[in-house]
Each structure stands twice: as C-alpha cells, then as structure tokens.
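In the text below, chain A, chain B and the rest are named by the order of the sequence lines, each starting its count at 1.
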Amino acid sequence: MPDRPETPVAERELTADAVAEVLPIDAGLGIPMAGVEADEGIAKKKLGVGAWVAIAWLVLLLLACLLAPILPIDGYKERVDGLSRQQPFCNAADCVAGHPLGGDALGRDMISRLVYGARNSLFIGIGSVSIGIIVGGFLGLFAGYRRGRIDNVIVAAMDVMLSVPALILALSLTIFFEARVQEVLNRKETAGRVTLTLALGIIAIPTLARITRANTLVWSQREFVTAARAQGAKDFRIMFREVLPNVVPSMAAIALLAVAVVVIAEASISILGAGIDLPAPTWGNIIFEGVGDLTSGDAPHIVFEASAAIFLTVLSLNYLGDAVRAKFDVRESGV
Amino acid sequence: MIAAACGGSGGSGGGGGETGAQFDEPPSDEGTPKRGGKIVYGLEAETGGGWCLPGSQLAAGGIQVAGAIYDTLTIPASDGEGGVKYVPFLAESVEPNDTYTEWTIKVREGVLFHDGTPLNAEAVKGTLDAFRGENPAIGAPLFTFVFEKIASVDVVDDLTVMVTTEVPWVAFDAFLWGTGRVGMVAPAQLAAPDTCNRNLIGTGPFRIVGCETEDCGWTVNDKFVAEANPDYWRDDANGEQLPYADAVEFRPVVDVAQRVNGLKGGELNVIHTTDGQQTENLRRDAEAGQINLFESDFAAETSYTMLNTSESSPFSNQHARLALAYAGDPQEVIDITQAGLPQRALQPFAPDNIAYNDPEDLNFPKQDLDKAREEIELYKQDTGESNLSFTVLSTTDPGTVKIAQILQSQAEEAGMSVTLEQVEQTQIINTALAGAFQAVLWRNHPGGDPDTQYVWWYSVVESGAPNFVNFGRIKDPDIDRIFTEGRSETDPAARAEIYKELPKVFAEQAYNLWGYYTLWAFAAADNVRGLFPPTLPSGDEPVVIASVQPVVGIWFD
Amino acid sequence: MNRASLRDIPTWVWPVATGVLVLGLFLFVSPIAGLVVLGVALMAAVVVFSGWRRVVQIFVVILVVTFFASMLIRFLPGDPTDALIGFATPEQKAEVRDDLGLNDPVYVQYGGFLKDFFTGETRYYQSSGRAIGGQKVWDRLGTALPVSLQLMLYAQILALAFALPIGILAAYRAGTRLDKGLNTAAFALLSLPNFVLAYILIYWLAVQNDVFPTSGYTEFGESIGEHFKSMVLPSVSLAVGQIAIYMRLLRSDMIQTLQEDFITMARAKGLSTRRILLRHALRPSSFSLLTVAAINLGALIGGAVILEVIFQLPGIGLLLFQAINEQQYVALQTFVGIIALAYVFANVAVDVLYSVLDPRIRSAR
C-alpha cells in the first residue's frame with residue numbers, strides 16, 4: 001500500500017483549530033461557545049453598543065454580588081408571610097408589596113434568591129476559570145514555547161482529558177470527590193462550592209491549555225522572541241516577559257467565554273441534583289427547586305427568572321468575549 | 001416499611017365535601033365488570049433493586065407491582081367498626097392455638113404458581129424460611145428481624161404448615177401480610193438467586209411474560225409489563241374469575257406533575273400520588289367529571305423528623321429534642337408544601353388504629369417559640385455546649401428539600417443553628433442504618449396492627465446486639481415493655497390499653513417529631529372502575545392501607 | 001500477469017464487508033462481539049490512513065480513560081461496599097471488595113475492571129441483600145442505548161435540516177439586514193442553554209397547551225406517532241444550539257468560498273444561482289461541517305444526559321443519573337468508561353471519514 005501521508009489528521013487538527021478559532025466549542029458540556037464573525041475579521045478599534053450593554057449588565061451583576069449584604073433586600077433564607085409562590089409584578093390586594101419579582105415556593109423573595117444565587121454561581125464560575133487559566137495557561141504556555149517532547153506530553157495529556165465528554169467528567173469528579181473534600185475541609189457548607197469549583201476548573205484546563213498553546217505558538221515565532229533568545233535570555237524569562245504579555249489579551253477573551261460555559265455547566269449539574277446543598281442558592285438549584293412549580297403550572301416564574309439571569313449573563317459574557325477577541329486575537333488579525 | 005420521606009405526603013381523608021371517597025367504604029355499585037383492556041399504572045418511582053421479595057425493601061411503587069404478581073397468605077379487611085382485622089387470603093385458614101405459640105396455615109388446594117408448579121406447604125415453608133433469613137443464598141436483612149421470634153416453620157402435610165413462635169404472638173397474622181411484601185414466592189424463583197429479582201413467579205392475578213430476554217417484561221425506568229393469569233385462583237363475589245383486565249403495565253414517572261399530565265393526556269389510565277398540590281388539582285378535575293378520584297389516609301403512614309438519640313448526637317438530650325419539637329410547626333409545612341391537605345399528626349398511629357390516642361389526651365409539643373428557647377437553655381446547661389447546632393439530612397427530592405428548609409428556618413428562629421445536607425435516597429437508608437445522622441426527614445409506620453411497628457423501636461435484637469433498624473437508637477425501657485407485653489396479650493381490650501401508652505411515651509420524650517399523615521390519591525381515567533378492590537374470598541370487605549391499592553379488580557367501562 | 005493483491009479490491013468492499021460482519025455479530029452472537037469487531041475495523045482503517053503512530057496514540061487514550069474510570073471508586077473515602085451493599089454482612093462486603101480489586105495494587109484492580117468491562121460482567125449491586133444477583137450493566141444498556149442514539153440522531157438531523165438552508169441564505173445575502181438579523185438570532189440561540197429552552201417548551205407546549213407530553217418515551221415499535229411526539233421537545237431543545245453553530249460555520253465558510261475564482265467562473269458560464277450554491281459552494285464546506293460535527297459530539301452527549309433526565313427518556317443519560325442516585329458506583333464507572341470510549345471511537349471514525357473524503361488521498365491512488 002502506498003504510504004499514507006500524515007497530513008490528513010494533522011490537516012484536520014489544523015482545520016479543527018482554525019474552525020475552533022472561528023467557533024470554539026467547549027466539547028462535551030452541551031454548550032457551544034460563541035464565535036466570532038468571520039467577515040468582521042479586521043480588528044475593530046472600538047467596542048460597539050452591544051458590548052457596552054453587556055459590560056453594563058456584568059458590572060451591575062458584580063456590584064449586586066459584592067454589595068449584597070448591605071443592599072435593601074431580604075436574606076436568602078428569609079421567608080416572608082404570604083409571599084409563597086407570588087407572581088412577579090403582582091398587583092392584587094392579597095399580594096405582598098415590595099417584591100417585584102415575586103416569591104419562591106417557600107415564600108422567599110426572588111430578588112434576594114437571585115442575587116445570592118449570583119454570588120455562588122459567579123464564585124464557582126470565576127473560581128474554576130481561574131484555576132483553568134492558571135494551570136491550563138501555564139501548561140499551554142510551556143508547551144507552545146518549548147515544543148518538542150514536553151509539548152507532545154502536554155498535548156497528549158490534554159487530548160486524553162478532552163476525550164471524556166466534559167459534563168460526564170465534571171459529574172464524576174463531583175460525585176467521587178465531594179466526600180473527600182468534605183473530609184479535608186471539615187466544613188459541610190463550603191465543601192459543595194469547593195468541589196464544584198475544583199471539578200469545573202479541572203475540565204476547563206485542557207481547552208484553555210490548548211488555546212494558550214495555539215496563541216503561544218504564533219507569538220513564539222516572532223522576531224523579538226528570536227532576538228531575545230539570540231541575546232542569551234533564559235527561557236522562562238522570555239516566556240513570561242516577552243510571550244505572556246502578548247498572549248494575555250486573547251486569554252482574557254477566552255476567560256470570559258469560559259465563565260459563560262461554566263455558569264451553564266454548574267446549572268446543569270445542579271439540575272441533576274448534584275449541586276451545592278440548599279438553602280444556599282445558585283441559579284441552577286433555584287431552577288432545580290422550581291421545576292415542580294413549572295410543570296404544575298403554579299409558579300413558572302421561579303424557573304424562568306433564574307433562566308433569564310443565566311441567559312443574560314451568558315449572552316453578555318459571550319458578546320463581550322467575542323468583542324475582546326475581535327480586538328486582540330492574533331489569528332484573526334492574520335498574523 | 002422503610003422509605004425516606006419523599007416529596008409529597010398526605011392530607012385529610014375524604015369527607016371534605018369533594019368527590020373522593022374513603023377507602024374504608026366500598027363505592028356505590030359500579031355495574032357489571034367487563035373484561036379486557038390494559039391497565040397503565042403510573043408509579044411514583046422505579047424499583048431499581050427488583051422483586052426478590054425476601055431481600056427487598058419495597059417502597060410504594062414496588063409494593064404495587066408485587067401486589068399484581070404475588071399473593072399474601074393473609075390480607076387486611078374491615079372489622080366492621082372502622083378498624084382492621086386480618087383474614088386468610090391465599091391461605092384457606094390461619095389458626096393459632098390457645099396460647100398463640102403455634103400458627104397453623106393451610107393453603108388453598110389447586111392453586112398454581114405462574115410456572116405451573118403447585119402452591120403447597122413446601123413452597124410456603126421455602127418462602128417463609130427465606131424471609132426469616134434461613135435461605136443461605138437469599139438475604140433478608142430487614143425481615144430477619146421482623147420474623148426473629150419465629151422458632152421454626154414445619155410442614156405438616158401437603159397443604160399445611162405450622163409456624164412455632166418463641167413467644168405468644170397474638171397478631172402474627174398481620175405479619176403474614178407485611179404491608180403487601182410477604183408474598184408467596186415459587187421455589188423456582190428462589191432457587192436461582194442471580195435472577196431472583198426479575199424472574200418473578202408468584203400466584204398473583206398477573207404474570208410476567210417475555211422471558212426470552214433476561215429482563216422478563218421489565219425494562220428498567222420504562223415499564224413493567226404483565227399479562228392476566230388465566231389460571232388465577234380467585235373469583236369475584238359473583239363467581240367471575242379475576243382479573244378482568246388483559247394486562248397491566250406499570251410505568252415509573254418520578255415527577256408528579258408529569259404523572260398527572262400523563263393521566264390527563266391518556267398515556268396512563270391510573271396513577272397514585274401523595275403530593276398535596278397535585279391532589280388539589282385532581283380534585284378539580286374529578287369535580288368536573290374528567291377523572292375518577294379516590295383519596296385515602298386510612299391507616300396512613302406518618303411523615304416526620306426522626307432524631308438520633310445516641311450519645312454522639314445532641315438529641316441524646318431530651319431538652320434538645322423538646323426544643324426542636326417546640327420550634328417546629330408542621331402545619332406551616334403542610335400549608336406551604338402540601339396545599340394544606342394532610343392532617344397534622346401528633347402520634348405515629350392513624351385514627352383507625354387500636355393504639356390511637358385522642359389528641360386532646362396527648363401532650364405532644366405544639367409550636368411555642370418561648371418554650372423552645374427555654375429548652376435550648378436547659379440543653380446548654382445540661383451539656384455545657386454554647387449552642388444547639390445540628391444537621392438535618394434529607395433526600396435530594398425538591399419537595400423534601402423544601403420541607404427541610406422550612407424546618408431549618410423555624411429552628412433558627414428559636415435560636416438553633418441548623419445545617420442542611422442533601423444526599424441520595426440509598427445513601428439516606430445506609431446512613432440511617434449506620435445511625436450516622438442527627439436529624440433526618442422520614443416517612444414510615446403504616447397502620448394495621450401496632451405490633452408491626454415493633455422492629456422500628458425495640459432497642460435490641462434477640463442476641464442482645466443493638467437493633468440497627470431502630471435508626472434513632474431509641475433505648476426506652478417503657479417502649480420495650482409495651483412491645484413485649486403487647487405482642488403476647490390475648491385480651492383485646494387490655495392489648496389496646498398497652499399500645500395506647502406508646503404515643504404518650506413519644507409525646508413526652510419527643511424521640512420523633514411527628515408531622516402529618518400521608519394522604520394517598522388514586523386517580524384514574526373516567527372509564528376506569530374497580531379502583532376499590534373487590535370483596536375478599538372470605539366474604540369480608542377489604543380495606544386499603546396506606547399506599548397498597550390492589551389492581552386485581554380494575555376494569556374498563 | 002500481475003499478482004492480485006489487496007490493492008486491487010475496490011474500496012467500497014471493505015466498509016460493506018465490515019458492516020455486514022459487525023451487524024451479523026451484533027444481532028446473532030452478542031452486542032459486545034459486534035462492537036469489538038467494529039473497533040478493530042476502525043483501528044485497521046486508522047492504520048491504513050494515518051499510520052501506526054496514530055493507532056498507538058488512540059490506544060494510549062483508551063488505556064488512560066479506562067484507567068481513570070476504574071480508579072474513580074478509590075477516591076471515595078471509607079468503604080464503597082457500605083454504599084453498594086449496605087445491608088450485607090461484613091464477610092460479603094469483604095468478598096465484594098476483593099472482587100472489585102480494592103485490596104489489590106492499582107494495576108491489578110485496573111486489569112480486573114478491564115476484564116469485567118469488556119466481557120460485560122460489570123454489575124449493579126443490590127443494597128438490600130446478597131452481593132451476587134445484581135443485574136449486569138450491559139443488560140440495561142441494551143434497551144437504553146437506542147433511546148440515546150435516537151435523541152442525538154434526531155437532534156443532528158433537525159440541526160442540519162435547519163442550519164443548511166439558513167446558513168446558505170445568510171451567506172448569499174451577506175451584509176444585508178436579513179443576514180445581520182439571522183446572525184443576532186444565532187448568537188442569542190448559542191447563549192441559550194438547552195435546559196432553559198426545554199423548560200420554556202415544556203411550559204408553553206405541554207403544560208399550557210397540551211400539544212406534546214411533558215415527559216416520557218414511547219417506543220418506535222409501539223406507536224410511531226406517539227414516539228415522535230415524545231421525542232419532539234427533547235430533540236428540538238438539543239438541536240437549537242447546534243443549529244446556530246452549523247449555520248454560522250456554514251455561512252462564514254460559504255462567504256469565503258463564494259469569493260473564489262471558480263465561483264466567478266461558474267457565474268460567468270451562466271450557471272443558475274441554485275446550482276452554484278448547492279453544488280459548487282457547498283462541497284468545500286463539508287469538511288468543516290464534519291469537523292464541527294465531531295467536535296460537537298461531546299456537546300451532544302452532555303446535552304443528551306441532561307435532557308434525558310428532564311424529559312425522563314430511558315436512555316444512558318437517565319441510567320447514569322440513577323446510578324448516581326442509587327450510589328451504584330461500579331455501574332457509574334462503567335457508564336463513564338462506555339461514554340468516553342464511544343466518544344473516542346466516534347472521533348476516530350470521523351478521522352477516518354475525513355481521510356476518505358479528502359480529495360488528496362483519493363487522487364493519490
């Protein structure tokens with residue numbers, strides 16, 4: 001048989017990377033990551049209106065999260081008499097005033113549930129993406145810069161991690177790790193959050209490593225890197241002083257997209273009942289608690305409000321991530 | 001019956017002016033039963049472990065299936081005064097001797113198992129021995145305790161078995177029903193332990209089909225299919241052979257709203273539920289004439305908070321228990337999570353039970369935050385702890401978790417510090433067995449005879465080892481005495497007096513914080529008849545206890 | 001006369017012969033035999049197209065993934081048999097621990113797991129009684145796999161059926177308001193989680209208006225109408241996110257292709273727009289579509305799991321969910337292993353397909 005060239009698979013990987021750049025998809029979580037408009041490829045100098053709206057929502061969300069304890073809203077455990085399952089914007093005489101988003105089944109104010117839910121969901125989201133970026137970013141940087149055997153090993157390891165669909169991996173890590181984490185931490189309340197953050201962080205690592213590596217590969221071939229090496233600078237120094245600063249902007253974009261993915265993943269895991277323990281809310285477990293009231297038709301607003309929060313946040317993160325990418329991503333500008 | 005509290009539990013019995021009927025009265029004449037049709041029954045859960053009866057812990061869904069495939073030796077019937085008596089069913093007669101230490105069971109002649117083998121004394125002995133834990137290949141972890149006081153089971157002749165008991169056992173016939181779990185199993189099924197949980201061979205009105213594939217008509221999470229048994233031994237009161245329907249298909253539908261929608265949409269023609277909100281829904285449909293609805297909290301189970309009284313738990317101290325009892329308000333739980341339907345329970349026994357106390361006479365703590373705070377102070381003084389703090393365990397079922405959260409907020413209002421933990425159903429059972437909890441939401445104790453509750457609260461087993469199904473590790477000499485005396489007291493009036501002490505002990509000690517009686521709603525399409533089971537072969541009228549609703553008499557108009 | 005060699009057999013014979021063999025084994029011998037032969041055939045194809053190195057890579061992945069699956073149970077603190085067979089005697093628990101290789105060194109446990117896994121011997125354990133008698137995991141999979149495959153297949157078909165025309169339209173009308181509108185819609189749909197869409201559809205179409213059942217599954221054999229009715233909402237929920245991806249990819253691909261010379265030439269030759277779009281512009285995009293489909297497979301699987309739970313479809317996702325609830329750790333490990341392997345092989349299959357389709361390979365023959 002004639003020698004089959006290696007190119008088909010390598011070609012497919014490159015195409016895959018190229019495609020992934022156009023439409024990066026976080027395989028296995030059931031969540032597509034947003035992509036960039038290919039024909040708007042030339043880096044825009046300004047962020048459009050949409051991006052500013054997205055920023056506004058995210059800033060509002062962050063402020064609400066940080067200031068939650070001092071905001072004039074109820075505690076997330078507080079039950080208000082007569083508020084049980086109250087519809088949003090309820091005007092009738094028997095409605096409790098001052099709760100525009102209504103109440104959940106136990107009579108807790110939906111606004112406070114959503115705000116404290118945001119705290120937990122975003123904590124998990126940002127926490128796990130941070131783990132992913134730090135660990136995955138470092139691995140990718142290392143692999144992309146050093147190449148050779150280290151590169152092969154790291155890429156192989158990342159490939160293996162990517163071979164298990166991410167939701168399955170996240171679920172199994174959560175289930176099997178939770179008890180150990182609880183042992184180590186010795187505190188039940190935070191164990192759930194920590195386990196989820198770790199599990200989702202671990203599954204974020206391979207994708208982030210791959211993207212960092214792809215970006216590092218490109219930047220490492222630039223003249224100033226060759227020059228630095230010629231001057232005898234040590235590898236680590238070059239990596240961190242020359243290459244990393246250029247890679248970071250595109251990492252920022254990916255980070256935003258990754259947070260969106262993780263928020264949805266946490267919600268998926270909570271809907272399956274494997275999320276953090278109630279009464280601590282996350283958007284996911286608010287949906288989990290509220291499904292019965294949706295299918296019975298009694299109080300669908302519980303699920304819809306939490307879903308809207310997730311959707312708006314993910315939409316904003318995706319939009320912003322895209323916009324930042326369009327501005328900074330190396331590949332798009334055709335380097 | 002072991003069942004961690006599932007979301008949704010009972011309500012008041014009928015008599016509230018709606019169309020539902022109580023199950024202790026047969027309905028008015030429904031006409032002459034017609035043959036044919038397939039029952040499609042929506043169950044509240046799948047029975048993942050299958051039906052190897054001696055070893056299984058069947059919950060409500062599993063018991064429904066068992067009732068179609070198997071028959072029990074005795075069955076509960078109305079005693080004519082609103083209470084329960086046990087009459088022979090698969091057995092022709094079940095007779096004790098004068099001292100209640102020898103029970104002679106004679107089975108009906110000519111009854112065949114689904115595989116054609118005869119129901120005889122050997123088969124009965126084989127089944128009972130398996131339930132006693134005497135069968136080395138089939139484990140019976142729970143029933144070994146239940147039947148601990150059986151000394152031996154002996155074959156007398158081809159159709160007669162004699163059970164010898166270690167102590168006079170007055171209500172032994174109640175245990176031969178065992179909430180529908182003690183069905184007679186064919187020797188062939190027990191002889192193949194590997195397939196015992198799904199190759200089901202009983203004497204019941206329906207038999208499984210399709211055993212070419214290993215699963216024999218049971219596709220887990222999908223359906224359990226059984227066809228009518230053409231050789232079923234039982235006839236109805238007019239001499240017509242049962243069952244009327246051609247086949248039955250059990251479908252597990254965990255989400256109750258989806259189960260109700262399945263009924264309305266025609267995919268299911270009978271369902272059961274304990275969810276108060278959905279029961280309210282169903283009442284509206286019944287009033288509009290769209291469905292048939294029967295509700296029952298007769299001989300109901302109780303939903304409650306079980307406390308661990310062993311040394312390692314704060315609830316070993318009576319003040320801690322009383323503090324939580326005074327802080328809690330089950331009525332709020334009932335109103336918020338069950339649409340207000342179930343009846344508040346102040347004791348584990350429902351009104352039909354001989355052990356039932358008039359609530360006026362019982363001093364079970366009612367909500368009183370001041371008293372709760374007092375008890376907390378007393379607890380702190382007793383133990384030197386700075387705080388009364390504990391964890392409440394529940395399943396991950398959203399309905400149950402709501403109940404836990406309400407309890408938490410009530411307890412915290414009184415000044416306790418409460419953490420919630422949600423774990424999977426099987427883990428709850430294992431945790432309860434290990435006694436590794438502090439407070440857990442639970443549901444158990446269906447009615448019938450109070451002797452059947454022995455195994456849950458007696459402090460030790462025969463060998464003197466601790467009783468591990470006494471999850472709360474209750475070691476109360478009064479309770480032990482009540483059960484020992486009650487089991488063997490032959491005078492009915494005296495016996496009732498003995499058992500009546502039990503709720504008083506619980507009210508004083510607050511070992512368990514009773515919540516409410518489970519209200520079961522059985523809803524069916526409007527052409528379905530025979531939800532209330534047919535007259536028993538002995539001529540008595542049946543009763544439906546807790547969730548056990550026989551499908552044998554269902555027919556389609 | 002030249003010696004006949006394997007090279008002379010027409011290409012189409014190989015896949016057909018393999019297909020027949022696999023199907024035969026699957027139906028008449030055992031599903032596992034069929035799957036193993038399928039796996040071997042795939043590997044052979046990989047050798048042919050990509051060389052031995054790639055095969056070694058794949059084997060390494062398989063080894064690591066199954067190793068990871070088998071080690072999950074060791075992460076649990078305490079004794080897993082307490083969860084698996086809580087009611088059993090200490091002797092029985094010791095026996096099961098031994099069986100599972102928990103007392104042995106890691107590689108022995110792994111070997112045991114592999115053996116059980118590939119012979120279909122991994123079991124559910126009955127927490128109520130004896131350790132033996134638990135059902136084999138593969139038995140339940142037999143009825144569950146078709147359901148999951150149906151869900152994923154319908155979703156992909158739906159996605160492509162909608163994405164192709166919309167993507168082509170958007171490409172053709174690139175830059176217009178229609179195009180911008182479609183892009184915005186696609187972007188929004190990408191950001192909509194599948195379970196959110198599922199709940200919206202359930203509320204609107206099942207609870208408020210009785211058009212579809214809120215949950216449940218009817219087999220195809222039982223009633224074709226009911227089967228599709230029960231699959232509509234789940235498939236749509238799964239498909240919508242995919243529609244957005246495929247549509248955007250197709251659009252961007254086609255825009256580039258439409259600018260190429262051969263298109264201008266075709267237009268000059270007077271070919272109709274439709275012909276140009278469908279025959280000439282679409283073909284180069286098939287590679288990227290294929291690639292995306294492969295990358296997407298993981299998303300499909302994840303989505304299938306959660307939608308099966310929401311809609312109570314008795315597929316492998318629901319089995320996984322129940323294994324979690326019933327603490328059936330061994331079954332859970334098996335599912336993780338199976339899903340991961342299926343994913344690996346699907347990707348390998350796409351690789352092979354890619355090579356087959358790549359014109360450079362075909363022209364080299």
Side-chain angles (χ1 to χ4, degrees), chain A residues 74-86 103-109 113 171 174-176 178-179 182 186-192 195 269-282 284-300 302-303 306, chain B residues 6-8 253-262 264 273 275-282 284 329 332-333 335-340 389-413 417-425 427 431 438:
Chain A
D74 300 322
Y76 68 87
K77 280 198 282 191
E78 257 178 68
R79 294 191 295 119
V80 178
D81 273 332
L83 191 59
S84 172
R85 297 190 180 93
Q86 179 171 307
D104 72 0
L106 293 182
R108 297 176 295 206
D109 176 39
R113 291 296 287 174
L171 262 179
T174 311
I175 305 292
F176 285 99
E178 171 114 36
Q182 204 168 310
N186 218 14
R187 286 188 62 207
K188 286 192 181 133
E189 301 97 56
T190 51
T195 315
I269 293 180
S270 296
I271 290 175
L272 295 179
I276 70 177
D277 284 338
L278 288 152
T282 63
N285 69 20
I286 293 176
I287 294 180
F288 170 70
E289 260 203 312
V291 171
D293 288 311
L294 175 107
T295 47
S296 68
D298 284 334
I302 301 172
V303 168
Chain B
C6 309
V253 183
V254 174
D255 183 77
V256 60
Q258 291 170 344
R259 208 181 314 144
V260 170
N261 286 331
K264 294 198 223 183
T273 179
D275 185 280
Q277 276 182 282
Q278 287 303 330
T279 306
E280 230 188 10
N281 239 337
L282 291 169
R284 284 196 288 267
D329 181 20
E332 202 184 354
V333 169
D335 290 335
I336 293 180
T337 65
Q338 304 302 323
S389 75
F390 54 92
T391 304
V392 176
L393 200 62
S394 72
T395 58
T396 52
D397 167 66
T400 314
V401 179
K402 287 197 178 88
I403 298 176
Q405 290 174 89
I406 297 177
L407 186 64
Q408 177 189 42
S409 74
Q410 291 169 345
E412 284 182 342
E413 209 180 321
S417 165
V418 183
T419 318
L420 294 187
E421 204 182 319
Q422 290 109 50
V423 294
E424 300 87 17
Q425 176 88 8
Q427 194 173 338
T431 310
Q438 292 173 331

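The side chain to side chain donor-acceptor pair (under 3.5 Å) check on A/Glu78 picks up nothing, with sequence neighbours excluded.
Listed here is the closest heavy atom pair of B/Val254 and B/Arg259: O-NH2, 3.4 Å. Pairing each heavy atom of A/Ile287 with each of A/Val303, the nearest pair is O-CG2, 3.9 Å.
The part of B/Glu332 that comes within reach of chain A is its side chain, from C-beta onward, which places non-hydrogen atoms under 4.5 angstrom from that chain. Heavy-atom distances place the backbone of A/Ile276, and not its side chain, under 4.5 Å from chain B. In this structure, chain B has no heavy atom under 4.5 Å from any part of A/Asn285. Proximity to chain A is limited to the side chain of B/Asn261, based on heavy atoms less than 4.5 angstrom apart. Neither the backbone nor the side chain of A/Asp104 comes within contact range of chain B; no heavy atom of the residue lies under 4.5 Å from a heavy atom of that chain.
In terms of modelled atom types and a separation under 3.5 Å, the side chain of B/Thr391 and the main chain of B/Leu420 share no donor-acceptor contact. Side chain of A/Glu178 to backbone of A/Thr195: no donor-acceptor contact under 3.5 angstrom is found. At distances below 3.5 Å, not a single donor-acceptor pair connects side-chain atoms of A/Gln86 with backbone N or O atoms of A/Gly103.
In terms of heavy-atom pairs under 4.5 angstrom with chain A, the leader among B/Gln277, B/Lys402, B/Gln405 is B/Gln405. If you tally non-hydrogen atom pairs under 4.5 Å between each of A/Glu289, A/Arg79, A/Arg85, A/Lys77 and chain B, the highest count goes to A/Arg79.
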